[in-house]
Amino acid sequence: MKSLEIRKKFLDFFNKNGHTIVASSSLIPAQDPTLLFINAGMNQFKDLFLGNEKRNYVRATTIQKCIRAGGKHNDLDQVGFTKRHLTFFEMMGNFSFGDYFKEDAIRFAWDFLTKEMELPQDKLYPTVFREDDEAFNIWNKVIGVPASKIGRLDEKDNFWQMGDTGPCGPCTEIYYDRGPQEGCGSKDCKPGCSCDRFLEIWNLVFMQYDRQSSGELVPLKQTGVDTGMGLERLCVIKQGKDSVFEIDLFQDIIMQIEQLTGLKYSEQNAAKKAAFHVLSDHVRSSCFALADGCTPANEGRGYVLRKIIRRAALFEQKLTNSSIFPKLAGALIESMQDIYPELATSKEYITSVLSHEIDKFATNLVRGQAILEKYFSEN
């Protein structure tokens with residue numbers, strides 16, 4: 001199943017169930033100094049969860065652009081070396097603002113995965129926050145999942161918050177069992193293990209609290225539901241691929257890298273495949289950040305963007321002596337501009353900034369290498 005079909009099925013399912021389809025917000029948080037980039041679908045609804053804003057709907061669904069490369073949620077150093085981590089990804093979500101809560105959220109998720117996506121029930125493993133007996137009982141007694149398949153995890157996995165302060169709450173996650181051949185070999189392997197056997201695909205957050213700067217959890221005026229499912233991870237399952245970098249969303253970029261380097265992705269060792277992964281992910285996050293108004297800088301989100309571009313420049317050297325990273329922007333923009341027209345509008349600006357940043361960094365590398373070699377010769 002192609003990514004376009006998955007997008008449509010998701011939005012259509014929740015729209016049919018009373019949710020208003022809301023467009024993705026910019027990656028640059030509006031008037032929210034607590035975030036470097038939008039890192040979850042709920043960010044644009046923060047004031048709705050806090051009760052500070054009202055809109056003409058109480059249910060919403062989105063496919064939100066996200067970057068996790070700095071701040072509380074930072075996956076930058078893992079990208080390229082795992083099968084699932086990305087700096088830029090699209091988060092599919094459904095939301096309730098004082099309307100439905102745990103039971104309906106769980107039922108919606110189960111129905112979408114098992115009926116719309118036709119995923120086998122025996123492959124799906126829910127987890128709940130260790131103290132959330134209510135969610136456990138819904139999975140067990142209402143949905144019918146055996147108690148032995150429902151895990152209880154701690155705050156690290158099953159209590160979510162967008163930043164150090166703000167709306168938060170316990171969550172239940174749904175994992176897909178990719179089989180023991182993908183696992184660590186331990187007989188105790190289960191959801192929450194860091195190996196690749198159990199792939200987390202959907203996180204359902206039950207918004208109950210507003211975390212204060214002191215750490216205190218203040219109950220929200222109204223409870224809500226915030227869910228997030230990575231489009232790329234669902235594509236891995238539906239397209240029968242081994243990693244996110246093999247799904248259709250990455251194929252145009254991978255092919256462009258092959259053409260520019262003369263290297264066949266499938267024939268490379270792990271180190272060079274990692275370089276393919278880094279370039280294909282980082283061009284996505286760079287292009288989308290630039291299209292939404294972020295510029296490279298020496299502090300804040302601009303520094304995060306600069307780090308992403310420079311990390312790409314370093315990995316580029318593992319594949320070629322030429323500067324190819326700015327050229328990859330064209331492949332990304334061509335493949336995504338129908339969904340995100342802002343990419344096409346900003347195409348010249350994007351390629352210009354990427355070229356300037358790469359050239360500037362190359363000059364710094366040459367200068368730094370000369371200083372290092374001089375130090376070695378003198379000592």
Side-chain angles (χ1 to χ4, degrees), residues 19 22 24-25 27 29-55 58-62 64-75 89 91-106 108-109 126-136 138-139 150-175 191-192 200-230:
H19 295 67
V22 180
S24 171
S25 70
L27 283 165
Q31 301 175 330
D32 191 343
T34 67
L35 289 177
L36 289 171
F37 291 103
I38 293 296
N39 61 20
M42 63 79 60
N43 292 167
Q44 67 167 305
F45 303 119
K46 178 179 178 180
D47 284 338
L48 283 172
F49 283 117
L50 290 173
N52 298 330
E53 180 186 350
K54 294 288 185 183
R55 297 186 190 176
V58 292
R59 298 181 178 193
T61 184
T62 65
Q64 173 67 48
K65 300 177 291 186
C66 297
I67 286 181
R68 291 187 177 177
K72 181 176 179 61
H73 301 282
N74 185 359
D75 293 333
F89 62 96
M91 183 176 283
M92 303 188 291
N94 60 286
F95 307 88
S96 165
F97 313 108
D99 188 25
Y100 64 85
F101 201 43
K102 294 182 181 181
E103 183 169 334
D104 284 339
I106 289 173
F108 282 142
T127 65
V128 299
F129 182 53
R130 65 168 185 262
E131 301 165 8
D132 195 347
D133 293 332
E134 181 184 3
F136 185 97
I138 292 169
W139 279 115
I150 307 170
R152 291 182 185 263
L153 299 176
D154 293 332
E155 285 92 344
K156 179 178 178 293
D157 295 289
N158 280 101
F159 195 97
W160 196 90
Q161 57 192 68
M162 60 178 278
D164 292 330
T165 60
C168 58
C171 54
T172 180
E173 294 179 316
I174 304 171
Y175 288 77
E200 178 211 327
I201 53 175
W202 209 339
N203 187 7
L204 317 180
V205 182
F206 307 123
M207 290 295 189
Q208 295 177 240
Y209 307 107
D210 179 10
R211 188 181 290 277
Q212 307 298 299
S213 57
S214 64
E216 181 187 3
L217 293 175
V218 177
L220 291 170
K221 298 173 186 176
Q222 62 181 23
T223 59
V225 170
D226 153 34
T227 84
M229 173 165 54

Item to check | Nearest-0.5 Å distance, CD1 of residue Ile106 to CD of residue Glu134 | outcome: 8.0 Å

Checklist entry - Would you say the side-chain atoms of Thr172 pair up with the backbone N or O of Thr127, donor to acceptor, closer than 3.5 Å? => result yes

Item to check | Those residues that, when tested against Asn203, pass side chain to side chain donor-acceptor pair (under 3.5 Å) (two or more places apart) | outcome: none

Next on the checklist: Looking at every heavy atom in both Tyr209 and Gly169, which two are closest together, and how far apart are they?
Outcome noted: CD1-CA, 4.3 Å

Next on the checklist: How close do Cys66 and Gly41 get, counting heavy atoms only, and between which atoms?
Outcome noted: SG-N, 4.3 Å

Checklist entry - Can you tell me how far CG of Asp157 sits from OH of Tyr175, rounded to the nearest 0.5 angstrom? => result 5.0 Å

Checklist entry - Is there a side-chain contact between Ile38 and Ser25 (heavy atoms, below 4.5 Å)? => result yes

Checklist entry - What are the two closest non-hydrogen atoms of Glu53 and Leu48, and how far apart are they? => result O-CD2, 3.1 Å

Checklist entry - When rounded to the nearest 0.5 angstrom, what is the spacing between CZ in Phe101 and CE in Met207? => result 10.0 Å

Checklist entry - If you look at every heavy atom in Ala109 and Ile174, which pair is closest and at what distance? => result CB-CD1, 3.9 Å

Item to check | side chain to side chain donor-acceptor pair (under 3.5 Å) partners of Gln44, counting only residues at least two apart | outcome: Gln64

Next on the checklist: Please find the pair of heavy atoms, one from Phe136 and one from Val128, that lie closest to each other, and give the distance.
Outcome noted: N-CG1, 3.9 Å

Only pairs under 3.5 Å count here: list side-chain donor-acceptor contacts from residues 92-100, not counting sequence neighbours, and write none if there are none.
residue, atom, partner, partner atom, Å
Asn94, OD1, Thr227, OG1, 2.7
Asn94, ND2, Tyr100, OH, 2.9
Ser96, OG, Asp99, N, 3.2
Ser96, OG, Tyr100, N, 3.0
Ser96, OG, Tyr100, O, 2.7
Asp99, OD2, Arg59, NE, 2.4
Asp99, OD2, Arg59, NH2, 3.3
Tyr100, OH, His19, NE2, 2.7

Checklist entry - In Å, rounded to the nearest 0.5 Å, how long is the span from CH2 of Trp202 to CZ of Phe108? => result 10.0 Å

Checklist entry - Has the side chain of Ser24 got a donor or acceptor atom that lies under 3.5 Å from a matching backbone atom of Lys65? => result yes

Checklist entry - Are any non-hydrogen side-chain atoms of Glu173 and Asn158 less than 4.5 angstrom apart? => result yes

Checklist entry - Would you find a donor on one side and an acceptor on the other, under 3.5 Å apart, between the side chain of Gln212 and the backbone of Asp210? => result yes

Checklist entry - Can you check whether Arg130 reaches Glu155 side chain to side chain, under 4.5 Å on heavy atoms? => result yes

Next on the checklist: Looking at every non-hydrogen atom in both residues, tell me the closest pair between Val225 and Phe49 and how far apart they are.
Outcome noted: O-CZ, 3.5 Å

Checklist entry - Is there side-chain contact between Cys168 and Leu217, with heavy atoms separated by less than 4.5 Å? => result yes

Checklist entry - Looking at side-chain heavy atoms only, is the closest gap between Gln208 and Pro170 below 4.5 Å? => result yes

Item to check | Spacing of Glu103 atom CD and Trp139 atom CH2 [to the nearest 0.5 Å] | outcome: 11.5 Å

Next on the checklist: Whether Asp133 and Arg152 form a salt bridge (side-chain N of Lys/Arg under 4.0 Å from carboxylate O of Asp/Glu) is what I want to check.
Outcome noted: yes

Next on the checklist: For a 4.5 angstrom cut-off between non-hydrogen side-chain atoms, does Phe37 reach Arg68?
Outcome noted: no

Checklist entry - Does Ile67 offer a backbone N or O that forms a donor-acceptor pair with the side chain of Asn39 under 3.5 Å? => result no

